[in-house]
Participant: 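Take this structure first; my questions come after.
The structure presented is a predicted model; accordingly, all values stated were derived computationally and were not measured. The first residue in the sequence is number 1, and the count goes up from there.
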Amino acid sequence: MKLKLIALAALALSGAAQASLDSGKAPTYNSSVLFVAFDNTGASKSSAFVDLGFNLYDFTPGYTTAGGQTIAEGALSRTNVSVVWNFNANTITFNGKTVAAKNDFSAVSTFLSNTQQSESRWGIAATGIRHQEGETLIAPDLALTSGTPTATQLRGQDAGFNSAAAFVGTDMTVKAQELIGGLPVDNGSYYAPNGSDAGFFPNMGAFGTKWQANLKWEMGTVFGKKTNLWLLDGEGDELAIANQVDAENKADLLNDKGTFYFDAVNNTLSWTTPTVTAAVPEPETYALALIGMLAVGVARRRAAR
């Protein structure tokens, strides 16, 4: 079941239970967002992935593509958002309130118990494939990925790289859909105990740690480190998610942007966006408002006479 955000302060579950993971192909062109962890170093290799219960468009920043396609702002790209996935308790909380409990995140615990964490990496991935009806572009190629690219690496991305990343990433989500889509849970997970397992993450769709050279930067993050989130579109744009320049809690965020952090000790994943507090009116503002109200009252009394 995909979580649908209906307001900044609340979440609601979608109407009917949906056990399958969304692939990013038809009919939605909007894949599930996956947390992935993998050890692709040395003789002992393993991986795990988890369907986080959200979709690509929950994270998109609002903008217009180079081709004129309007992308709506996703609720998780806004300010004042805090989401925590507790992989031990199988819960999701939004701004401190538990919003989902019918999940299976157990693969992450299994992975942590059986891997050499110093060799492991983790990241976030989602995709959407271009859909066009005649001359009308319904959905552009989109790829959502973690990482902390340099300015040079960002300049190295172009429309071809971005579209290729979307297609390769969608192959991965299709495979993930096959692996956990039939499980009787809302948000499922899968653990691959070795590199030859069908669900071994680095091998799915030739994904690799760099999306098989379709990213100029590593999407995998070292345990204990924070990472940012990026949207790549097939027209050559790369946008940082939750990039709020006038934020107030930027010291807690990586690069002053929306930040993912995986706490392997407590087995929790968190997504935090910048905090912006509504300005408190100055005393003079209250005084002017009071004078205005009094003037309205006097006018009404005179009119009544």
Side-chain angles (χ1 to χ4, degrees), residues 19-21 23 31-54 83-93 100-126 144-148 168-169 171-212 215 218-227 229 259-271:
S20 63
L21 176 151
S23 69
S31 88
S32 299
V33 178
L34 302 184
F35 166 85
V36 296
F38 52 94
D39 178 358
N40 197 28
T41 304
S44 178
K45 300 179 180 181
S46 60
S47 72
F49 66 83
V50 163
D51 174 6
L52 292 177
F54 294 90
V83 182
V84 178
W85 294 262
N86 188 316
F87 295 144
N88 285 332
N90 291 316
T91 59
I92 305 171
T93 61
K102 189 180 179 184
N103 312 294
D104 176 15
F105 297 148
S106 60
V108 182
S109 300
T110 305
F111 174 81
L112 293 176
S113 299
N114 292 279
T115 191
Q116 189 168 341
Q117 294 186 23
S118 62
E119 297 179 350
S120 300
R121 300 289 184 270
W122 65 276
I124 307 296
L144 188 72
T145 181
S146 53
T148 52
V168 172
D171 288 343
M172 183 272 294
T173 57
V174 168
K175 182 64 175 179
Q177 184 185 53
E178 295 173 356
L179 291 166
I180 70 173
L183 296 178
V185 295
D186 290 339
N187 306 312
S189 59
Y190 186 90
Y191 169 67
N194 54 66
S196 61
D197 189 283
F200 182 57
F201 172 73
N203 286 347
M204 285 194 289
F207 196 76
T209 58
K210 285 188 177 181
W211 291 31
Q212 198 63 19
L215 287 181
E218 293 279 355
M219 60 82 67
T221 299
V222 176
F223 282 18
K225 300 292 185 179
K226 296 179 179 180
T227 187
L229 195 61
T259 299
F260 264 109
Y261 174 64
F262 176 52
D263 181 351
V265 175
N266 295 303
N267 201 14
T268 60
L269 175 71
S270 62
W271 167 248

Participant: Locate the shortest heavy-atom distance separating A48 from A107; write the atom from each residue and the value.
Facilitator: CB-O, 3.7 Å
Participant: Which pair of heavy atoms, one from S120 and one from F111, lies closest together, and at what distance?
Facilitator: OG-CZ, 3.6 Å
Participant: Going from NZ on K175 to CG on N203, what distance comes out if it is rounded to the nearest 0.5 angstrom?
Facilitator: 10.5 Å
Participant: Distance check, rounded to the nearest 0.5 Å: M172 atom CE versus F49 atom CZ?
Facilitator: 8.0 Å
Participant: Can N103 and N187 be counted as having a side-chain donor-acceptor contact under 3.5 angstrom?
Facilitator: yes
Participant: ring-ring contact (aromatic ring centres under 6.0 Å, His included) with F201: which of Y190, W122, W211, F38?
Facilitator: F38
Participant: Of all heavy-atom pairs between S32 and L21, which one has the smallest distance, and what is that distance?
Facilitator: OG-CG, 3.6 Å
Participant: How far apart are the closest heavy atoms of T268 and F262, and which atoms are they?
Facilitator: O-CD1, 3.3 Å
Participant: E119 and T41: which non-hydrogen atoms are nearest, and at how many Å?
Facilitator: OE1-O, 3.1 Å
Participant: Looking at D104, is its backbone amide N or carbonyl O close enough to the side chain of S189 to form a donor-acceptor pair, meaning the two atoms are under 3.5 Å apart?
Facilitator: yes
Participant: Which pair of non-hydrogen atoms, one from L34 and one from A176, has the smallest distance, and what is that distance?
Facilitator: CD1-CB, 4.0 Å
Participant: What about F35 and F87, are their ring centers closer than 6.0 Å?
Facilitator: yes
Participant: Hey, could you give me the CZ/OG distance between R121 and S47, rounded to the nearest 0.5 Å?
Facilitator: 14.5 Å
Participant: Return the CG to OH distance between L112 and Y191, rounded to the nearest 0.5 Å.
Facilitator: 10.0 Å
Participant: Please check if the side chain of T173 supplies one atom and the backbone of S23 the other of a donor-acceptor pair under 3.5 Å.
Facilitator: yes
Participant: State, without any angle test, whether S109 and N88 hold a side-chain donor-acceptor pair at a distance under 3.5 Å.
Facilitator: yes
Participant: Rounded to the nearest 0.5 Å, what's the gap from OG1 on T148 to CE on M219? Could you check?
Facilitator: 12.0 Å
Participant: Would you give the length of the straight line joining atom CZ of F200 to atom CG of N40, rounded to the nearest 0.5 angstrom?
Facilitator: 4.5 Å
Participant: Should L52 and W271 count as side-chain neighbours, where that means a heavy-atom distance under 4.5 Å?
Facilitator: no
Participant: Have a look at L269 and tell me which of V50, V108, I124, I92 forms a side-chain contact (heavy atoms from CB on, under 4.5 Å) with it.
Facilitator: I124
